[in-house]
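Values below: all heavy atoms of this structure, side chains included; hydrogens, waters and symmetry mates excluded. Bear in mind that the values here come from a model prediction, so they are computed numbers and not experimental data.
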Amino acid sequence: MTRVIMNGCNGHMGRVISDLCAQDDDVEIVAGVDIDTQTPYGYPVFAKIADCNVEADAIIDFSHVSCIDGLLTYSVERSVPVIVCTTGLSEEQNAAVRAASEKVAVLKSANMSLGINTLIELLKPAARALAPAGFDVEIVEKHHNRKLDAPSGTAIALADSVNEAMDGAYEYKLDRSSERKKRDKKEIGIQAVRGGNIVGEHEVFFCGTDEVITFKHTAYSRAIFGKGAIEAAKFLAGKPAGFYDMGDVIRG
Ligand SMILES: NC(=O)c1ccc[n+]([C@@H]2O[C@H](COP(=O)([O-])OP(=O)(O)OC[C@H]3O[C@@H](n4cnc5c(N)ncnc54)[C@H](O)[C@@H]3O)[C@@H](O)[C@H]2O)c1
């Protein structure tokens, strides 16, 4: 049985994970953390993670960037592995995540779904075959109108995968309106659409002369991220300090 602290337990993802854990005999949420401490679930909820005095094997975090510093301090001080799923972290916060991973097991992924993590791997051979043949790479992502960060962390992770396969040769272009010039061959354009209750769509276009190849992932429900996070918690419990990603969970 993996005992989990749910950071951001009253948010959309916190509730999805609470429901999934209630149906899973191998995992239990033993405490939650949220500024809103009311809960329909049976576990205690603390307003700040620093106040949480419940023993656990892993922390799942779907909260807000303002929670990250306290989350990492708690994880390191109590030696509780942490799965950081909140997106939109600053460069300093990403560096703090890496620093924490030298002392405790940390898993960070912009997208916890099996499908996206498989796509991240599939893009590498596609980029190696198509980019040298002159194909331009563009990414479009779509999310609900409540999302705070843009482009999505997943869109960046997809771009990183292409870029890694091409030895880091690409720049990311987030805005074409501020200058009037043709696109550079060595850039990946990333555009964000926000509206309604779109759970998450990502399209990666390889655009050549007279042909376009499109990789598309559609999330129809937040449960795909919740299931991935729960599998990550089971995987990370008891692991030594280090930086892990969903690829490690999928490979087992
Ligand atoms: N990695 C992934 O696969 C993935 C998937 C979905 C969402 N996300 C990210 O997870 C985060 C949460 O998403 P969501 O849709 O559940 O958001 P949400 O706004 O519905 O939930 C966030 C929760 O965190 C709580 N919170 C905010 N500030 C707090 C603080 N200072 N202390 C304690 N609690 C605080 C809020 O009260 C809320 O209940 C976002 O950054 C989102 O982009 C990541």
Side-chain angles (χ1 to χ4, degrees), residues 1-34 41-43 49 52 54-63 67-68 71-72 74-75 78-87 89 97-98 100-101 104-124 152-158 160-161 199-202 217-252:
M1 168 75 78
T2 304
R3 298 166 302 167
V4 167
I5 295 170
M6 182 68 232
N7 198 41
C9 62
N10 282 326
H12 285 77
M13 283 308 307
R15 280 177 275 141
V16 165
I17 291 171
S18 298
D19 288 336
L20 288 169
C21 287
Q23 298 156 23
D24 186 333
D25 292 339
D26 297 327
V27 63
E28 183 188 4
I29 299 185
V30 289
V33 179
D34 206 295
Y41 301 98
Y43 52 75
I49 194 156
C52 177
V54 179
E55 289 217 355
D57 304 305
I59 308 165
I60 297 177
D61 162 66
F62 282 92
S63 60
C67 304
I68 297 301
L71 172 70
L72 295 175
Y74 183 94
S75 165
R78 313 255 178 146
S79 297
V80 188
V82 60
I83 297 121
V84 181
C85 305
T86 298
T87 59
L89 274 58
V97 168
R98 285 280 175 181
S101 74
V104 69
V106 179
L107 187 148
K108 180 168 177 291
S109 177
N111 192 304
M112 302 302 289
S113 87
L114 173 64
I116 281 287
N117 285 285
T118 304
L119 177 56
I120 284 171
E121 295 307 315
L122 291 174
L123 287 175
K124 290 177 185 162
S152 67
T154 304
I156 302 282
L158 295 170
D160 286 348
S161 175
V199 175
E201 275 185 30
H202 291 85
H217 178 270
T218 306
Y220 290 103
S221 142
R222 288 179 177 77
I224 60 171
F225 311 125
K227 282 180 196 157
I230 291 168
E231 289 313 309
K234 292 176 186 169
F235 170 85
L236 212 60
K239 285 280 184 298
F243 188 83
Y244 300 83
D245 62 23
M246 280 305 282
D248 296 311
V249 179
I250 289 166
R251 286 186 292 273

Do [X] and [Y] come within less than 4.5 Å of each other through their side chains, counting heavy atoms only?
X     : Y      : result
Asp26 : Thr2   : no
Ile59 : Val4   : no
Val84 : Leu107 : no
Val30 : Glu55  : no

Quick one: do Thr87 and Ser152 satisfy side chain to side chain contact (heavy atoms under 4.5 Å, CB included)? Show the steps, please.
CA-CA 8 Å; Thr87 59; Ser152 67; over 6 Å; no
Nearest heavy atoms of [X] and [Y], plus distance in Å:
X     : Y      : result
Phe62 : Ala229 : CE1-CB, 3.7 Å
Ile83 : Ala233 : CD1-CA, 3.4 Å
Gly32 : Tyr43  : N-CD1, 3.5 Å
Thr86 : Ser63  : OG1-N, 2.8 Å
Ser75 : Val82  : OG-CG1, 3.4 Å
Gly11 : Asp34  : N-OD2, 3.7 Å

First locate atom [atom1] of [X], then atom [atom2] of [Y], and finally report the distance between them rounded to the nearest 0.5 Å.
X      : Y      : atom1 : atom2 : result
Leu236 : Asp248 : CG    : CG    : 9.0 Å
Ile60  : Cys85  : CD1   : SG    : 7.0 Å
Ser18  : Gln23  : OG    : CD    : 11.5 Å
Phe243 : Arg98  : CZ    : CZ    : 4.0 Å
Leu20  : Arg15  : CG    : CZ    : 13.5 Å

How far apart are the C-alpha atoms of Ile5 and Cys52, what are their side-chain angles, what is the distance that settles it, and do they pass the side chain to side chain contact (heavy atoms under 4.5 Å, CB included) test?
CA-CA 9 Å; Ile5 295 170; Cys52 177; 3.8 Å; yes
Only one of Ile116, Leu158, Thr154, Thr118 clears side chain to side chain contact (heavy atoms under 4.5 Å, CB included) with His217; which?
Ile116
Donor-acceptor contact below 3.5 Å, side chain [X] vs main chain [Y]:
X      : Y      : answer
Tyr220 : Val199 : no
Asp19  : Ala22  : no
Asp57  : Arg3   : yes
Ser161 : Leu123 : no

For the pair Ile17 and Met6, evaluate side chain to side chain contact (heavy atoms under 4.5 Å, CB included) and give the outcome as yes or no after the intermediate values.
CA-CA 8 Å; Ile17 291 171; Met6 182 68 232; 3.8 Å; yes
Candidate pair Asp61 and Asn7, rule side-chain hydrogen bond (donor to acceptor under 3.5 Å, both in side chains), full reasoning:
CA-CA 5 Å; Asp61 162 66; Asn7 198 41; 2.9 Å; yes
Partners passing side chain to side chain contact (heavy atoms under 4.5 Å, CB included) against Asn117 (at least two apart in sequence or in another chain)
Ser109, Ile120, Met246, Ile250
Return yes when atom NZ of Lys234 has more than 12 non-hydrogen atoms of other residues, nucleotides or ligands closer than 6.0 Å, and no otherwise.
yes
Does NZ or CZ of Lys239 fall inside the cone over Phe235's six-membered ring, less than 6.0 Å from its centre and within 45° of the axis?
yes
